[in-house]
Amino acid sequence: MAAPSPPILPISNSQAAVTTTTVPSAAASAQSQPPIATPAFRSFINKISDTVRNGLSQRRPWAELADRSAFSKPESMSEASLRLRKNYAYFRVNYLAVIAAILAFSLVSHPFSLLLLVGLLASWIFLYLFRPADQPLVIFGRSFTDMETLGILVLFSVVVVFLTSVGSLLISALMVGAVVVGAHGSFRVPEDLFLDEQEPATTGFLSFLGGAATNVAATTAARV
């Protein structure tokens with residue numbers, strides 16, 4: 001009588017199981033990566049909010065800005081220029097706030113231009129400035145390098161600013177703001193204004209512009 005054959009034991013392919021488990025994990029981790037560098041973006045937003053808050057805290061009283069008894073016609077262009085320099089040194093934050101309000105009103109009154117500008121700024125922020133350096137930009141299955149992304153964004157900026165109403169709207173709003181500031185600074189008599197000589201020449205919004213420009217330049221140089 002023949003001996004019974006031994007039972008066949010199931011063989012598990014542990015390597016295939018590990019590979020199968022690893023691939024979804026890698027895909028899940030790749031999908032879980034944030035589209036932007038969250039700490040850097042949060043630091044940038046906090047810097048903006050802190051700078052705006054500090055700048056507004058340094059503004060002069062609006063009643064002092066609009067004091068009707070302090071207005072008079074300048075006798076010459078040199079006197080008007082001198083008044084403008086003194087008033088700008090004293091009401092610098094107020095003037096920048098007025099220009100920002102005029103610019104905001106112009107954009108709100110033109111929703112299409114506002115939408116284009118917001119889209120342009122969002123493209124620079126999310127696709128280039130604060131995108132993780134080790135995460136390439138992928139659109140419709142195609143991967144773009146940093147140089148290609150920069151070229152596309154520059155081309156998009158040129159189209160939005162020069163081939164739409166955004167550029168003319170921004171220029172006109174800034175010109176209106178400059179005219180308002182120039183007229184006020186020329187007709188406001190600055191004899192009753194006392195500026196602290198130890199106050200730094202660049203504070204508030206102007207320091208933010210310098211810091212933001214430095215950060216953007218450093219980010220661009222690091223990517224290039």
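The model shown is predicted, which means the values in this text are computed figures rather than measured ones.
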For Trp124 and Ser157: C-alpha separation, side-chain torsions, deciding distance, then whether side chain to side chain contact (heavy atoms under 4.5 Å, CB included) applies. CA-CA 9 Å; Trp124 276 100; Ser157 302; 2.8 Å; yes

Using 0.5 Å steps for rounding, measure from the [atom1] atom of [X] to the [atom2] atom of [Y].
X	Y	atom1	atom2	value
Ile99	Asn94	CD1	CG	11.5 Å
Ile171	Leu174	CD1	CG	8.0 Å
Phe112	Leu117	CZ	CG	12.0 Å
Leu169	Ser109	CG	OG	6.5 Å
Ser186	Arg85	OG	CZ	11.0 Å
Leu170	Ser165	CG	OG	9.0 Å

Fit a plane to each ring of His184 and Tyr95, take the angle between them on a 0 to 90° scale, and name the class: parallel (under 30°), tilted (30 to 60°) or perpendicular (over 60°). perpendicular

Quick check: is [Y] connected to [X] through a chain of hydrophobic side chains (ILVMFWY, heavy atoms under 4.5 Å apart)?
X	Y	result
Leu153	Phe126	yes
Val154	Tyr128	yes
Tyr88	Trp62	yes
Leu115	Ile125	no
Leu84	Val189	no

Taking it one step at a time, do Ser72 and Arg83 satisfy side chain to side chain donor-acceptor pair (under 3.5 Å)? CA-CA 11 Å; Ser72 66; Arg83 287 184 181 182; 3.1 Å; yes

Specify the closest pair of heavy atoms between [X] and [Y], including all atoms of both residues, with the distance to one decimal.
X	Y	answer
Ser123	Phe156	OG-CE2, 3.9 Å
Leu120	Val160	CD2-CG1, 4.1 Å
Asn87	Gly185	ND2-O, 2.8 Å
Ile102	Ala173	CG2-O, 3.7 Å

For a side chain to side chain contact (heavy atoms under 4.5 Å, CB included) check, start with the C-alpha distance between Glu148 and Thr145, then their side-chain angles and the critical distance, and finish with the verdict. CA-CA 5 Å; Glu148 291 175 338; Thr145 64; 3.3 Å; yes

Would you please test Asp146 and Leu150 for side chain to side chain contact (heavy atoms under 4.5 Å, CB included) and show each step? CA-CA 6 Å; Asp146 287 339; Leu150 179 61; over 6 Å; no

If the condition is side-chain hydrogen bond (donor to acceptor under 3.5 Å, both in side chains), which residues does Ser143 pass it with, not counting sequence neighbours? none

Between Glu79 and Lys73, does any side-chain N to carboxylate O distance fall below 4.0 Å? no

Should Glu64 and Tyr90 be marked as a side chain to side chain contact (heavy atoms under 4.5 Å, CB included) after you check the CA-CA gap, both sets of side-chain angles, and the distance that decides it? CA-CA 11 Å; Glu64 189 176 6; Tyr90 188 81; 2.9 Å; yes

My understanding is that a hydrophobic cluster links ILVMFWY residues whose side chain heavy atoms are under 4.5 Å apart, including indirect links. Using that, what else belongs to the cluster containing Phe187? Phe71

Taking the six-membered ring of Phe91 as reference, does the cationic atom of Arg188 (NZ for Lys, CZ for Arg) lie under 6.0 Å from its centre and within 45° of its axis? no

